[in-house]
Amino acid sequence: MVGGGQLARMTHQAAISLGQSLRVLSESPDDSAALVAADVRIGTHTDLAALREFAKGCEALTFDHEHVPTAHIEALEAEGVKVFPGSKALVFAQDKGLMRERLTSAPTPRWRRVTDVSDISDFAAETGWPVIAKATRGGYDGKGVWVLDDAAAAAELVATGTPLIVEEKVRLKRELAALVARSPFGQVAAYPVVETVQKDGICVEVLAPAPGLPEDLAVRAQQLAIDLANELGVVGLLAVELFETDEGIFVNELAMRPHNSGHWTIEGARTSQFEQHLRAVLDYPMGETSLTAPAVVMANVLGGEPGGISIDERLHHLFAEDPGARVHLYGKQVRPGRKIGHVTVLGDDMTKVRARAARAARWLQEGK
Ligand code: ADP
């Protein structure tokens, strides 16, 4: 797996049970996955020579992020490396402009490519301000997304030279995610559709299944994700981030790797997304995706302000208060606002489960 973040760390955990060894290409020995995997190579994903050396002897090459240059992936494929997802599919998770151009059959917010500031002003003349501008490549956790209130803000952003698209600010009822996995053989498995709750562009909570989602909408969202996986030839996981609006569901973006909206599956589904991703890239049959409890909530733990009681003490108190809370810490240096772990709580009643998960995450975050 290229990238040594928490997704690689949790994939490594799943690989152990399958008797597989996950080799990790990590930028630093202190990265989340590099701290725990046995086979770690230090190098950067933008270095083709490092990628080539890394891929030698691997059964399959896959990713913990989408930042490997497309040309490098194509070069590896041309040399016979089995890359999953392949460059032809992955490019649609890497580049928001190409993705929007490709998704002609799926509903998306109105959008336009930006080459000049007038592209934004003309677009806003049709939709009204504010509009949303997005970097076509390299964004994550809301970095690379800007709300533009007027032409002056647009001019300032365009002057930075970042390649952009602009899109209408959708009136969201809420955000959903549909997660599927597809193997080279073509088998596809779909997880229950979840609700994702964002704060400042960062996912803070995931509710599984999405509360009150009508069955027909849920099935439509799953079918949309399955169709996209098939159409794009995805191998591995495909997370489709969706907006629920009064006019139906819109596709926001695609990720082709384990995804924050699927962390709940470790305890909340019969097969975790990390195992499912490995099964898919190794062309094993897919695992069962059903829920293990009627209500599952995952809450991210973000780094809090320095000081206060130690993480060790926080765990001690949390486990004393809520023995059912399941904790995953990523071994990352604490910085305010950085994702350093998550908690998952299972139960019968979504309201109660949600309150427990929020309390557990806040406790780990703030120590109070
Ligand atoms: P990233 O790649 O950083 O995850 P996203 O495209 O998912 O960026 O946008 C981050 C968040 O910004 C979304 O989860 C949503 O809350 C908000 N957002 C993005 N696009 C729109 C839009 N067109 N209308 C309203 N809100 C949006």
Side-chain angles (χ1 to χ4, degrees), residues 3 5-7 63-68 70 90-103 106-114 119-120 123-124 126-150 153-154 157 160 162-179 193-207 210 221 224-225 228 237-263 298-300 302 337-339 342:
Q6 65 263 27
L7 302 177
F63 308 96
D64 123 316
H65 58 69
E66 42 274 306
H67 306 316
V68 181
T70 313
L90 188 64
V91 73
F92 299 109
Q94 294 183 306
D95 188 306
K96 289 183 162 120
L98 293 178
M99 181 265 284
R100 286 292 160 82
E101 271 157 13
R102 181 71 169 72
L103 296 193
T108 65
R110 279 188 288 170
W111 74 284
R112 186 173 296 173
R113 257 187 204 283
V114 176
D119 294 321
I120 300 181
F123 182 80
E126 290 166 27
T127 64
W129 300 94
V131 293
I132 308 274
K134 294 181 177 181
T136 52
R137 278 181 177 251
Y140 67 99
D141 283 353
K143 296 177 181 70
V145 176
W146 299 271
V147 181
L148 303 177
D149 289 320
D150 51 35
L157 179 61
T160 62
T162 308
L164 298 168
I165 60 167
V166 60
E167 61 186 38
E168 66 178 308
K169 187 163 191 298
V170 173
R171 286 166 68 101
L172 306 177
K173 289 213 289 204
R174 58 175 170 174
E175 299 188 43
L176 304 171
L179 184 67
V193 175
V194 298
E195 175 175 344
T196 64
V197 182
Q198 330 279 326
K199 213 171 137 206
D200 303 326
I202 297 187
C203 169
V204 289
E205 233 181 345
V206 175
L207 318 180
L224 183 92
L228 279 173
L237 290 167
L238 169 69
V240 183
E241 294 181 16
L242 300 161
F243 295 147
E244 188 182 355
T245 74
D246 283 332
E247 291 94 62
I249 48 175
F250 289 133
V251 175
N252 175 33
E253 71 165 345
L254 310 179
M256 295 177 196
R257 53 171 168 76
H259 193 251
N260 200 173
S261 67
H263 290 356
M298 187 277 333
N300 277 331
L302 306 181
R338 186 182 200 201
K339 284 180 195 165
H342 75 263

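None of the values given here were measured: they were computed from a predicted structure. In each ligand, atom 1 is the first atom listed, and ligand 1 is the first ligand listed.
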Which protein non-hydrogen atom lies closest to [atom], naming both residue and atom, and how far is it?
atom	answer
atom 11 (C) of ligand 1	Gly201 CA, 4.5 Å
atom 16 (O) of ligand 1	Glu175 OE2, 2.4 Å
atom 24 (N) of ligand 1	Val170 N, 2.9 Å
atom 3 (O) of ligand 1	Gly142 N, 2.7 Å
atom 21 (C) of ligand 1	Phe243 CZ, 3.5 Å
atom 5 (P) of ligand 1	Asn252 ND2, 3.6 Å
atom 4 (O) of ligand 1	Glu253 OE2, 3.0 Å

Q) Would Arg113 and Asp119 pass as an ion pair if we require N to O under 4.0 Å? A) no
Q) From Asp95 CG over to Arg102 CZ, what is the distance, rounded to the nearest 0.5 angstrom? A) 13.5 Å
Q: Starting at NZ of Lys96, measure out to OG1 of Thr108 and round the result to the nearest 0.5 Å.
A: 13.5 Å
Q. Does Lys96 come within less than 4.0 Å of ligand 1, judged by its heavy atoms?
A. yes
Atoms in ligand 1 flagged as close to [X], the criterion being non-hydrogen separation under 4.0 Å:
X	answer
Lys169	24 (N)
Val145	8 (O), 9 (O)
Glu167	20 (N), 21 (C), 22 (C), 23 (N)
Glu241	7 (O)

Q: Identify the two heavy atoms, one from Asp64 and one from Arg257, that lie closest to each other, and give their separation to 0.1 Å.
A: O-CD, 3.4 Å
**Q.** Atom NZ of Lys199: over 12 foreign heavy atoms under 6.0 Å
**A.** no
Q. Which bit of Ile132 gets closer than 4.0 Å to ligand 1, counting heavy atoms only: side chain, backbone, both or neither?
A. side chain
(Q) Taking 4.0 Å as the limit for heavy-atom contacts, which would you say applies to Lys134 with ligand 1: side chain only, backbone only, both, or neither? (A) side chain
Q. Would a distance-only check, ignoring hydrogens and angles, find a side-chain to backbone donor-acceptor pair under 3.5 Å from Glu195 to Glu205?
A. no
Q | Residues which pass side chain to side chain donor-acceptor pair (under 3.5 Å) with Glu168, listed by chain and number, not counting sequence neighbours | A | none
Q) Excluding sequence neighbours, so at least two apart, what forms side chain to side chain donor-acceptor pair (under 3.5 Å) with Glu126? A) Arg112
Q) Does any donor atom in the side chain of Glu241 or Thr196 lie under 3.5 Å from an acceptor atom in the other side chain? A) no
